[in-house]
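Step one of this worksheet: look at the structure below.
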Amino acid sequence: KYGERFSEKTVAFLIPLDRLFTCAGGAAVVTWSKQTEEETGNMLRIDKIIETDGTFYRRLVNIAIPVILQSLITTGVNLVDNIMLGQLTETALSAATQANQFIGLFTFAIMGISMGASVLTSRYWGAKDTASLRKVVTIALRFGLLLGLAFTLADILFSPQIMRLYFQSGETAGIAGGIVYLHWSAPAFGLMAVSFVLTNIMRSAGLTRVPLIASVSAFGVNIGANYVLIFGKLGFPAMGVAGAALGTVIARVAETGIILCFFLRDKTIFYRLRHLRESCGDMVGEFLRISVPVMLSDSLLGLGENALAI
């Protein structure tokens, strides 16, 4: 089956299979088989070049705007630390900035896992195969938490060595501040693993508003917690760099808590904690085939940014 005409305005064209993209809103439905691939020379017939249905664009905006805003706010959570610590000393700002380079490397890696998962969840969500979709969620959470554990252990055990990569040997104050920031940030890796994976999976099912609400809440919590903990307000001691890291962890707790509460109660995907124990070995190979290249690509970008910082 090469496709199906939807109206007289439909125009058919061919694209390579390796360039296949999905189209939101059901603008074009495409199916293919091995025979199709052989007959068309690894080309796939698509039934529409330009979408003229206004409903499609309204749905696109409803999905895209929350995703864009949520991505900007998520990036801003750690940026707030740098801005507020800049009001203390240059050393405190430098320590937090360089420590966040290492945390940023984890962000790139976990995004690779979560984006790979979203490719599969989009496929199974479109096919209404919720059983396979839940298996993908389980695999992504397991790999994400495993990656988070690895970074947490590196943070706890090797933070002095990590921070010496970003500072010259004589900058002892910056190294010490970075170590403090990393130690207080250790719980954030597991929280970010869960929130990033579930956020991308919910996006693939069209659930974009909850991640946005969670990110806005985390952003507000981070600003408030930083103000109180960095500068010692409302009776709390002034913690400086440690306060910035702790404020960010508190914000990540709020963000992950909101996402988990919704995800584990929602009936769209209907994922529950018991599904974490399900056997899903039959899908691990497919998951790794898609996720590993994305994770390596994103991780290389993160390594490039860290190399510039070093």
Side-chain angles (χ1 to χ4, degrees), residues 1 3-4 6 15-33 36-37 44-48 51 53 55-71 74 108-144 193-212 214-215 259 262-264 266-272 275 278 280 282-298:
K1 184 178 179 180
E4 181 178 339
F6 288 87
I15 63 171
L17 283 176
D18 59 359
R19 297 293 179 88
L20 176 64
F21 58 90
T22 57
C23 192
V29 177
V30 181
T31 58
W32 75 92
S33 64
T36 303
E37 181 178 340
L44 182 65
R45 178 166 175 152
I46 306 294
D47 288 311
K48 190 171 289 188
E51 178 57 63
D53 185 5
T55 302
F56 167 77
Y57 291 104
R58 286 193 294 272
R59 294 187 64 183
L60 178 63
V61 169
N62 288 336
I63 293 174
I65 296 300
V67 170
I68 294 170
L69 291 175
Q70 193 255 336
S71 298
T74 298
F108 280 109
I110 194 63
M111 282 299 295
I113 291 177
S114 61
M115 290 302 294
S118 69
V119 172
L120 289 174
T121 53
S122 296
R123 177 195 301 176
Y124 294 124
W125 174 251
K128 304 302 179 186
D129 185 356
T130 54
S132 295
L133 192 156
R134 286 194 291 267
K135 287 185 177 182
V136 173
V137 176
T138 297
I139 296 170
L141 284 174
R142 289 175 180 174
F143 277 100
V194 173
S195 64
F196 276 57
V197 167
L198 295 186
T199 290
N200 278 288
I201 287 171
M202 284 193 287
R203 286 175 180 174
S204 67
L207 304 172
T208 58
R209 295 186 182 274
V210 173
L212 175 59
S215 293
I259 291 173
F262 175 84
F263 192 76
L264 296 177
D266 181 61
K267 295 182 180 179
T268 304
I269 298 177
F270 204 79
Y271 190 88
R272 300 297 181 263
H275 294 124
E278 284 189 349
C280 46
D282 56 319
M283 298 187 66
V284 171
E286 179 71 0
F287 180 86
L288 292 177
R289 186 183 68 82
I290 293 175
S291 295
V292 169
V294 181
M295 185 181 71
L296 290 177
S297 174
D298 287 359

Say you draw a straight line from OG1 of Thr199 to CG of Leu207; how long is it, rounded to the nearest 0.5 Å?
11.0 Å
Do the side chains of Lys135 and Glu286 get close enough for a salt bridge, i.e. N-O under 4.0 angstrom?
no
Is the backbone of Ile201 close enough, under 3.5 Å, to the side chain of Ser204 for a donor and an acceptor to pair up by distance?
yes
Mind listing the closest non-hydrogen atom pair of Ser132 and Asp129 along with its distance?
OG-OD2, 2.7 Å
Quick check for you: to the nearest 0.5 Å, what is the distance between Phe143 atom CZ and Met295 atom CE?
9.0 Å
Is Phe262 close to Asp266 at the side-chain level, that is, under 4.5 Å between some pair of heavy atoms?
yes
Side-chain (Ser118) to main-chain (Asn200) donor-acceptor, under 3.5 angstrom:
no
Can you check whether Pro211's main-chain N or O pairs, donor with acceptor, with Ser215's side chain at less than 3.5 Å?
yes
Given side chains that start at C-beta, do those of Val194 and Ile259 come closer than 4.5 Å, heavy atoms only?
no
Decide if atom CZ of Arg272 counts as having more than 12 heavy atoms of other residues, nucleotides or ligands within a radius under 6.0 Å.
yes
Do the rings of Tyr271 and Phe263 sit parallel, tilted or perpendicular, given the 30° and 60° boundaries?
tilted
Listed by chain and number, what are the side chain to side chain contact (heavy atoms under 4.5 Å, CB included) partners of Val294, not counting sequence neighbours?
Met115, Asp298
I'd like to check Val284 versus Arg142 (side-chain heavy atoms, cut-off strictly below 4.5 Å). Are they in contact?
no
Measure the spacing between CD1 of Ile113 and CG of Leu288 and express it to the nearest 0.5 Å.
9.5 Å
Can you tell me how far the CD1 atom of Ile139 sits from the CZ atom of Phe287, to the nearest 0.5 Å?
6.5 Å
Evaluate the side-chain proximity of Arg134 to Phe270: yes if any heavy-atom separation is below 4.5 Å, no if none is.
yes
